[in-house]
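Quick notes on the structure that follows.
Each ligand, and each atom within it, is numbered from 1 in the order the structure gives. Note that this is a predicted model, so its numbers are computed, not measured.
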Amino acid sequence: MNITVLGCGALGQVWLAALLRQGHEVQGWLRVPQSHFHLRVTGTDGELIVQSVPANDPAHLQRSELLLVTLKAWQVSDGVKNLAPLLPAPTPILLMHNGMGTMEELRGIAQPLLLGVTTHAARRDGNTVIHVANGTTHIGPVSDAAQDYTALAGILQDALPDVAWHDNIRAPAWRKLAANCVINPLTALYNCPNGELRAYPDEVARVCHEVAEVMARENHHTTPEDLLAWVWQVIDSTGENISSMLQDVRAQRRTEIDYITGYLVRRARAHGVATPENARLYELIKHKENAYERLGT
Ligand code: KPL
């Protein structure tokens with residue numbers, strides 16, 4: 001299959017390596033155009049994959065049967081809108097990032113749109129990407145035209161298991177959003193690995209209860225207790241991880257807060273639900289971001 005991966009960060013490189021291993025004809029697409037880039041990924045089994053991968057070839061893009069987008073949430077809208085005119089109208093676009101809100105920004109795009117939610121963990125170590133932990137990827141349609149692309153789940157499953165198809169992808173996306181609303185801002189503020197949130201049970205519960213209330217208004221039924229139990233499970237199973245938001249804050253990069261807590265707070269406002277704890281965390285992370293942006297980094 002011809003595939004373009006837009007965004008060659010840690011997760012993008014893990015997918016590129018997996019798809020290449022499966023024999024797909026893959027290219028990467030980078031913000032600064034280059035004809036090739038150097039893939040260096042250490043798998044969960046410790047095997048190092050080093051390969052030169054073609055990049056930014058418009059002819060390959062025009063032949064692509066899938067555009068896999070692994071950009072940060074705040075880069076997605078511009079990135080996809082730039083490439084969409086070069087991409088055949090029937091080629092599905094699969095968005096895989098933390099948070100929600102990009103689907104709304106891409107409403108009206110010609111191509112079928114799908115959303116992916118993954119628990120694979122990867123991080124950069126110098127010029128090497130480490131695939132830290134295997135996980136599950138849930139994919140499903142966002143636009144009506146994307147409902148016919150169930151076969152994609154099988155193709156991706158062969159490359160990087162586990163992959164599950166969901167007719168209603170918003171349900172797993174909201175559960176992942178709940179975990180991100182709790183873990184990402186709190187670890188960024190306390191500067192700690194995910195597992196150390198065990199020291200802050202009251203804050204974890206308050207954030208989680210607010211998310212459960214908004215989810216109920218969005219017709220995703222869950223009890224606050226169930227959601228909290230699930231979030232603790234994610235905290236424990238990723239205990240040694242440095243969350244993506246803490247990594248961003250440490251590197252003084254823009255975080256995905258607008259698409260995680262920011263999205264939650266916007267949906268809460270639309271339903272008339274008060275979310276003071278999430279609003280407080282949103283402000284604290286924005287304050288951190290603004291402080292280093294003001295320093296010109
Ligand atoms: O998705 C994650 C992230 O770091 O962005 C979690 C689930 C919190 C794992 O670290």
Examine the proximity of ligand 1 to [X] and report which part, side chain or backbone, both or neither, has a heavy atom under 4.0 Å away.
X: Lys176; result: side chain
X: Ile242; result: neither
X: Thr119; result: neither
X: Thr187; result: neither

Among Thr119, Asp162, Thr44, find the residue that satisfies the side chain to side chain donor-acceptor pair (under 3.5 Å) test when tested with Asn134.
->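 When side chain to side chain donor-acceptor pair (under 3.5 Å) is applied between Asn134 and each of Thr119, Asp162, Thr44, only Thr44 qualifies.
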Starting from [atom], locate the nearest protein heavy atom and write down its residue, its atom name and how far away it is, to 0.1 Å.
atom: atom 9 (C) of ligand 1; result: Asn194 ND2, 3.6 Å
atom: atom 1 (O) of ligand 1; result: Asn180 ND2, 3.1 Å
atom: atom 3 (C) of ligand 1; result: Ser244 OG, 3.4 Å

Are any of the N or O atoms of Asn184 closer than 3.5 Å to those of ligand 1?
->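 Such a contact does occur with ligand 1.
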Backbone or side-chain N or O of Ser243 under 3.5 Å from ligand 1 N or O |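 The answer is no, given that Ser243 and ligand 1 share no N or O pair closer than 3.5 Å.
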So which heavy atom on Ala216 is nearest to which on His221, and how close?
->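 Closest heavy-atom pair between Ala216 and His221: O-CE1, 3.9 Å.
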Ile183: numbered ligand 1 atoms lying under 4.0 Å from its heavy atoms |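 Heavy-atom distances to Ile183 below 4.0 Å select 8 (C).
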Quick one: which ligand 1 atoms are inside 4.0 Å of a heavy atom on Asn241?
->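 In order of number, 9 (C), 10 (O).
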Between [X] and [Y], does any side-chain N to carboxylate O distance fall below 4.0 Å?
X: Glu240; Y: Arg123; value: no
X: Glu277; Y: Arg280; value: yes
X: Arg206; Y: Glu203; value: no
X: Arg63; Y: Glu25; value: yes

Going by the angle between their ring planes, with limits at 30° and 60°, are Trp15 and His120 parallel, tilted or perpendicular?
->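 Perpendicular, since the angle between the ring planes exceeds 60°.
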Quick one: pull up CG in Leu87 and CG in Asn82 and give me the separation to the nearest 0.5 Å.
->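 Leu87 CG to Asn82 CG: 12.5 Å, rounded to 0.5 Å.
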